[in-house]
Number of protein chains: 2
Amino acid sequence: MNLRHLTAFVAVAETLNFSRAADELHVAQPAISQQIRALEQELGVMLFDRIGKKVSLTDAGRALLPYARQILATVEAAENEVRERSELKRGKTSLGAPPTVSTHLLPAKLMQFKQLWPGLEVTLREAGTGTLLSLVEDGKLDLAIVATDVMPDNVESTPFLQEDYVLAVSPQHPFLGKRQTVKLADLANEPFILFPEGYKLREVTLQACHRAGFEPKVALDGGAMASALEFVGAGLGVALVPELALIDAHNIHSVRISDQSLTRELGLVWLKGRSLSPAARTLREFLTNNR
Amino acid sequence: MNLRHLTAFVAVAETLNFSRAADELHVAQPAISQQIRALEQELGVMLFDRIGKKVSLTDAGRALLPYARQILATVEAAENEVRERSELKRGKTSLGAPPTVSTHLLPAKLMQFKQLWPGLEVTLREAGTGTLLSLVEDGKLDLAIVATDVMPDNVESTPFLQEDYVLAVSPQHPFLGKRQTVKLADLANEPFILFPEGYKLREVTLQACHRAGFEPKVALDGGAMASALEFVGAGLGVALVPELALIDAHNIHSVRISDQSLTRELGLVWLKGRSLSPAARTLREFLTNNR
DNA sequence: GCGAACAATCGGTTTCGCTTATCGTAGTGA
DNA sequence: TCACTACGATAAGCGAAACCGATTGTTCGC
């Protein structure tokens, strides 16, 4: 049995006329005769009575008809379902990003994306570069935004954002409160707030101080971004943070470091060789073109 | 889209392995690759991620899978449904017969038939020859048992039963009650019970009397078989009836007519050129071989 | 880094499905 | 009743589809 058999069968069953059925299906009449004959032979039963020039369903034909209709309807539904995905009326994709990007940049961007493509559903995963990369490599994540200093060679990437690290200080700080820039070496006596072991930010801070020739004094070690910023606001210390993290922080002043270029490159990455779903492709293009 | 596409798709989706899917479907592996590729091209979406040597469903593939399963399951159900009919596990057919046959012969026969073919459903239509023939000619009846003296030439028939007409009399009848035979001419003064206008039986009775040279006296005109027999039993008259009608009539005696051969041929008929359903064919064979 | 596993690709052959042309037959109307 | 018409069946031919065996190109595991 065959979908062509069934479409021919339903058309004939509905018109009770081989020639008109052929017209409806835009084929010549013999094609219909052949399809019906083949189907009847395969099933071992006559489906139509050709009695004189009147065509009518046999008992077996009547039994088959509802099945045939349902099969064809389901086929159509399946095609619609899948085609909608290729036409981006529906679809799912996933994106990973580090906390600062995820909390300060993506909400607005994804809102914008959702307005463009209301049917596409984006699930966001917030994690560090290492975690995100392995998720992408396992195929559990379509796209991720990660630091691009070391890239595995089974992912491809496109530059996404250059993130500057700045010094977060309290506006009331006697020495730094009003300055725009500062040399890192001048901070040798400032108490620092350090991020937990394993975070990129901690390494960056320690390395920068090291290059400037001092070991930072530590005011708080191991808090999350939110509590670190609270400490800074309260004047208990300073912290090197991504500029993005200060976007909504009102009682904090940011000071650039003049003697070192402290930045990190963030890239949008995906698994090399994997054909991204239409939804994922769309999200990737959206993110690269709307940086 | 195509059932072969879908079977290949489901097989791959279930094994996540093109080669094993090919084995299951008893085709070579390239056939599977080709079917999947064709389906993906037609739908415009990748259905599987081939990442390294691992195969996994894409979002679109996951969406398609339940539809594909349902389509294939329905196809199988349809095939079973129809095949059962050709294997006579199920089926419907229709049979028409005149009242005497229908009430005295068929109940036993159809019970026997039902034991042989429990899945076959026979609907019985009781009517006169004329009605039955036109039902057969219209394709509304598969088979009918009718008087075969005049046959339209678009039906075929096979002899079914020779029905003798006998004289039904009351056992208490002073003249006829104990006789086995009688000449029709001797009945000139007997009151007759006549069947309604249009019934074959009325014509037969009138013609027979006419041939015997008299006009029958009429005791009751136009009653059904049951009431006619009641009248006969009560000694109010005699009636020419098919022998079959007397099978269960206890207080009635039957007398043969010696000077005329009053019989009718009943044949089993069906529409010429119409391919009977398996069920109808089976019933026809049963009825002709178990007369 | 070598071998096994596995999907993709290629060239060739069979099968399928369509087309046009034609036939046979059953209604239909003068 | 006889031609005409409508309609399904059949035949022959052709292009496309589907399958196969052989081969290639990767990738994983040892």
Side-chain angles (χ1 to χ4, degrees), chain A residues 1-43 46-58 61 137-139 152-155 271-275, chain B residues 1-9 11-43 46-58 61 134 136-139 152-156 271-275:
Chain A
M1 201 186 294
N2 196 314
L3 293 186
R4 309 198 74 88
H5 291 153
L6 294 179
T7 47
F9 169 69
V10 170
V12 175
E14 279 171 356
T15 59
L16 293 180
N17 179 319
F18 280 56
S19 300
R20 235 176 322 137
D23 286 349
E24 274 183 20
L25 301 182
H26 306 109
V27 294
Q29 168 259 318
I32 301 297
S33 290
Q34 290 163 12
Q35 292 294 331
I36 298 295
R37 180 156 51 102
L39 183 55
E40 288 178 330
Q41 276 185 3
E42 183 184 333
L43 296 175
M46 288 283 134
L47 297 172
F48 295 101
D49 280 328
R50 291 85 151 171
I51 167 179
K53 50 197 305 182
K54 214 161 55 202
V55 171
S56 61
L57 279 168
T58 63
E137 291 180 81
D138 289 354
D153 60 359
N154 58 347
V155 302
L271 194 52
K272 188 183 293 184
R274 172 177 180 181
S275 84
Chain B
M1 201 187 297
N2 196 312
L3 293 185
R4 310 197 74 89
H5 291 153
L6 293 180
T7 47
F9 168 70
V12 174
E14 279 171 356
T15 60
L16 294 179
N17 180 318
F18 280 56
S19 301
R20 238 180 315 140
D23 286 350
E24 276 184 19
L25 302 182
H26 305 108
V27 294
Q29 168 259 318
I32 301 296
S33 291
Q34 290 162 9
Q35 292 294 331
I36 299 295
R37 181 157 49 101
L39 183 56
E40 287 177 331
Q41 276 185 2
E42 183 184 334
L43 296 175
M46 287 284 134
L47 297 172
F48 296 101
D49 280 328
R50 291 86 151 170
I51 168 180
K53 52 197 301 183
K54 211 158 58 199
V55 171
S56 60
L57 279 167
T58 64
S134 66
V136 168
E137 290 179 81
D138 288 355
D153 59 358
N154 59 348
V155 302
E156 281 182 295
L271 195 52
K272 188 183 291 183
R274 172 174 180 184
S275 84

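So that the names make sense, note that chain A is the first sequence line, chain B the second, and so on, each numbered from 1. Fair warning: this is a prediction, and the values are worked out from it, not measured in the lab.
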Novice: Does some side-chain heavy atom of I36(A) sit less than 4.5 Å from a side-chain heavy atom of R50(A)?
Specialist: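 Side chain of R50(A) against side chain of I36(A), heavy atoms only: contact under 4.5 Å found.
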
Novice: What's Q34(A) touching, base or sugar-phosphate or nothing? Going by heavy atoms closer than 4.0 Å.
Specialist: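 The answer is base, as Q34(A) lies within the cut-off (heavy atoms under 4.0 Å) of a base atom.
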
Novice: Over how many whole Å does the gap from E24(A) atom CD to dC7(D) atom P extend?
Specialist: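 About 14 Å, once rounded to whole Å.
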
Novice: Atom CD of Q41(B) to atom P of dA17(D): distance rounded to whole Å?
Specialist: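 Those two atoms, CD and P, are 11 Å apart.
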
Novice: Which atom pair, heavy atoms only, marks the closest approach of L25(B) to A8(B)?
Specialist: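 Closest approach of L25(B) to A8(B), heavy atoms only: CD1-CA, 3.9 Å.
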
Novice: Given atom CG of D23(A) and atom P of dC7(D), what is their separation to the nearest angstrom?
Specialist: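 That distance rounds to 10 Å.
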
Novice: Walk along nucleotides 22-28 of chain D from 5' to 3' and tag each nucleotide B, S or - by protein heavy-atom contact under 4.0 Å, base first, then sugar-phosphate.
Specialist: B----BS

Novice: Can you measure I36(B) atom CD1 to dA17(D) atom C1' for me and round it to whole angstrom units?
Specialist: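 Whole-Å distance recorded here is 16 Å.
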
Novice: Tell me which nucleotide among dC20(D), dG8(D), dA18(D) gets nearest to the side chain of A28(B).
Specialist: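 It is dC20(D).
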
Novice: Of all nucleotides in DNA chain C that come within under 4.0 Å of a heavy atom of chain B, which is furthest toward the 5' end and which toward the 3' end?
Specialist: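 Endpoints of the contacted stretch of DNA chain C: dA5(C) to dC10(C).
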
Novice: If you assign each of I32(B) and H5(A) to its closest nucleotide in DNA chain C, which residue comes earlier from the 5' end?
Specialist: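 Taking each residue's closest nucleotide, the earlier one in sequence belongs to I32(B).
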
Novice: For R20(B) and for V27(A), locate the closest nucleotide of DNA chain C by heavy-atom distance; then report the residue assigned to the nucleotide nearer the 5' terminus.
Specialist: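 Nearest nucleotide further toward 5': that of R20(B).
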
Novice: Once you measure the plane-to-plane angle for F9(B) and F48(B), does it fall in the parallel (<30°), tilted (30-60°) or perpendicular (>60°) bin?
Specialist: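 Rings of F9(B) and F48(B): tilted, as their planes differ by 30° to 60°.
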
Novice: Are Q34(B) and P30(B) close enough that some pair of their side-chain heavy atoms sits under 4.5 Å apart?
Specialist: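 Yes - at least one pair of side-chain heavy atoms lies under 4.5 Å apart.
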
Novice: Does any part of the side chain of H5(B), heavy atoms only, come nearer than 4.5 Å to the side chain of L47(B), both counted from C-beta?
Specialist: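 L47(B) vs H5(B): side chains apart.
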
Novice: Side-chain N or O of S19(A) versus OP1/OP2 of dG8(D): is the shortest distance under 4.0 Å?
Specialist: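 Yes, because at least one side-chain N or O of S19(A) sits under 4.0 Å from OP1 or OP2 of dG8(D).
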
Novice: What integer distance in Å separates D49(A):CG from dC7(D):P?
Specialist: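 Computing the D49(A):CG to dC7(D):P distance gives 18 Å.
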
Novice: Below 4.0 angstrom from OP1 or OP2 of dC19(D), is there any side-chain N or O of R4(B)?
Specialist: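 Yes, such a contact exists.
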
Novice: Between R50(A) and dA9(D), is there a side-chain N or O to OP1/OP2 distance below 4.0 Å?
Specialist: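 It does, given that an N or O in the side chain of R50(A) lies less than 4.0 Å from OP1 or OP2 of dA9(D).
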
Novice: Could you pull out the closest heavy-atom pair between S56(B) and L16(B), with the gap in Å?
Specialist: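 Where S56(B) meets L16(B) most closely, the heavy atoms are CA-CD2, 4.0 Å.
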
Novice: Determine the minimum heavy-atom distance between P152(A) and E137(A), stating which atoms define it.
Specialist: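 Taking every non-hydrogen atom into account, CG-OE2, 4.1 Å.
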
Novice: Please report the distance, rounded to the nearest Å, between CD in Q35(A) and C1' in dA9(D).
Specialist: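 Computing the Q35(A):CD to dA9(D):C1' distance gives 15 Å.
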
Novice: Answer yes or no: does a side-chain N or O of N17(A) lie under 4.0 Å from OP1 or OP2 of dA6(D)?
Specialist: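 No.
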
Novice: If you define the side chain from C-beta out and look only at heavy atoms, does anything of M1(A) sit under 4.5 Å from L43(A)?
Specialist: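 Side chain of M1(A) against side chain of L43(A), heavy atoms only: contact under 4.5 Å found.
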
Novice: Would you check if the side chain of T58(A) reaches a backbone N or O of M46(A) as a donor-acceptor pair within less than 3.5 Å?
Specialist: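 Yes; judged by distance alone, with no hydrogens or angles, the pair exists.
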
